[in-house]
Amino acid sequence: MQPNTQPRQAWSHNNDTFPCDTLRKLINDYGLELGDVVHVGDVQEHGTGWIDASDVIEQIAERGADEGGEFADDFPDVSAEAQAELDAFLARWQAEHCVANFFQVVNVRQHTITEADMKEAACKP
């Protein structure tokens with residue numbers, strides 16, 4: 001599964017959580033009224049590159065140091081090719097298994113609910 005890359009917005013009644021993908025839904029779900037100030041922002045999806053080969057190799061080195069002390073100073077000795085292979089594997093695996101179902105909201109701006117917004121919200125989809 002890949003993250004959604006289509007541009008979209010999220011709406012908030014409190015500028016804290018952004019639970020709605022349309023102003024109509026926000027108005028209806030939260031009983032908002034003409035003149036209320038709400039917030040809208042652009043959804044920024046998380047990628048799937050949570051870790052890379054360097055992270056894994058560093059963790060292995062730390063565990064090796066815990067076990068081997070000074071005898072593990074050069075452990076693990078990983079070639080550039082092996083690191084690239086692990087990077088490619090981790091990228092594929094994360095793209096399939098680690099797609100976030102959460103997102104960040106950026107470019108947040110205020111919106112004052114207008115009469116036109118209220119009329120639109122009254123329409124059923």
Side-chain angles (χ1 to χ4, degrees):
M1 176 191 290
Q2 293 293 323
N4 181 2
T5 58
Q6 298 300 314
R8 62 186 178 114
Q9 295 180 325
W11 291 84
S12 172
H13 68 290
N14 61 10
N15 199 25
D16 186 33
T17 59
F18 288 76
C20 298
D21 59 355
T22 65
L23 178 56
R24 174 191 291 181
K25 182 165 177 42
L26 187 73
I27 290 170
N28 289 322
D29 287 1
Y30 292 90
L32 300 174
E33 298 177 359
L34 179 67
D36 284 347
V37 176
V38 297
H39 297 84
V40 60
D42 302 319
V43 170
Q44 182 177 345
E45 300 283 349
H46 291 281
T48 57
W50 299 101
I51 64 168
D52 63 14
S54 296
D55 297 324
V56 174
I57 294 166
E58 181 180 332
Q59 184 70 37
I60 292 170
E62 288 175 10
R63 290 189 181 170
D66 291 346
E67 293 291 322
E70 66 187 58
F71 298 105
D73 281 349
D74 295 323
F75 177 78
D77 183 16
V78 179
S79 69
E81 294 82 18
Q83 186 167 344
E85 179 184 350
L86 181 56
D87 267 329
F89 170 78
L90 288 170
R92 284 189 312 270
W93 189 87
Q94 290 176 93
E96 186 174 336
H97 300 287
C98 299
V99 176
N101 62 354
F102 51 90
F103 53 84
Q104 291 181 301
V105 180
V106 297
N107 303 322
V108 176
R109 52 221 175 261
Q110 290 185 342
H111 175 83
T112 302
I113 297 176
T114 65
E115 273 190 54
D117 296 331
M118 294 303 292
K119 286 179 184 174
E120 172 69 21
C123 296
K124 301 298 179 211

Do Asp21 and Gln9 come within less than 4.5 Å of each other through their side chains, counting heavy atoms only? no
Of all the heavy-atom pairs spanning Gly35 and Thr112, show the shortest one and how long it is. O-CG2, 3.6 Å
Is the cationic atom of Arg8 (NZ for Lys, CZ for Arg) positioned less than 6.0 Å from the six-membered ring centroid of Phe103 and within 45 degrees of its normal? yes
Is it true that a side-chain atom of Asp55 and a backbone atom of Glu58 form a donor plus acceptor pair closer than 3.5 Å? no
Flag the pair Asp87 and Arg92 as a salt bridge only when some basic side-chain nitrogen lies within less than 4.0 angstrom of an acidic carboxylate oxygen. no
Check whether any side-chain heavy atom of His111 sits under 4.5 Å from a side-chain heavy atom of Asp117, and report yes or no. yes
Do Arg109 and Asp42 make a side-chain contact, defined as non-hydrogen atoms from C-beta onward lying under 4.5 Å apart? yes
Are Phe89 and Ile60 connected in a single hydrophobic cluster, I mean Ile/Leu/Val/Met/Phe/Trp/Tyr linked by side-chain heavy atoms less than 4.5 Å apart? yes
Any luck finding a side-chain donor-acceptor pair between Asn15 and Ser12 under 3.5 Å? no
Short question: side chain of Asn28, backbone of Ala121 - any donor-acceptor pair under 3.5 Å? yes
Heavy atoms, side chains only, cut-off 4.5 Å: are Val43 and Glu45 in contact? yes
Do the side chains of Gln44 and Val105 get nearer than 4.5 Å, heavy atoms only? no
Taken to the nearest 0.5 Å, the spacing of Glu33 CD from Ile113 CD1 works out to 9.0 Å
May I ask you to decide if the ring planes of Trp50 and Phe102 are parallel, tilted or perpendicular, using 30° and 60° as cut-offs? tilted
Nearest 0.5 Å, what's the CZ-CD distance between Phe18 and Gln104? 12.0 Å
Please check if the number of heavy atoms outside Asn14 that lie under 6.0 Å from its CG is greater than 12. yes
On a heavy-atom basis, the closest approach of Cys20 and Lys25 is SG-CG, 3.9 Å
Between Val38 and Trp11, is any pair of side-chain heavy atoms under 4.5 Å apart? yes
One should read off an interatomic distance between Ile51 CD1 and Trp93 CH2, to the nearest 0.5 angstrom, of 7.5 Å
Between CZ of Arg24 and CG of Asp29, what distance do you get to the nearest 0.5 Å? 12.0 Å
What closest approach, in Å, do Ala53 and Leu90 show between heavy atoms, and which atom pair accounts for it? N-CD1, 3.7 Å
Nearest heavy-atom pair of Gln83 and Ser54: which atoms, and what distance? NE2-OG, 3.1 Å
When rounded to the nearest 0.5 angstrom, what is the spacing between OG1 in Thr114 and CD in Glu120? 10.0 Å
Is atom CD of Glu85 surrounded by more than 12 heavy atoms (other residues, nucleotides or ligands) closer than 6.0 Å? no
Less than 4.5 Å apart, any side-chain heavy atom of Tyr30 and any of Asp36? no
Output yes when a side-chain donor or acceptor of Arg63 lies under 3.5 Å from a complementary backbone atom of Ala61, and no otherwise. no
Measure the spacing between NZ of Lys119 and CG of Leu34 and express it to the nearest 0.5 Å. 10.5 Å
Are Leu23 and Val40 packed together at the side-chain level, in the sense that at least one heavy-atom pair is separated by less than 4.5 angstrom? no
If you measure only the distance, is there a donor-acceptor pair under 3.5 Å linking the side chains of Asp16 and His39? no
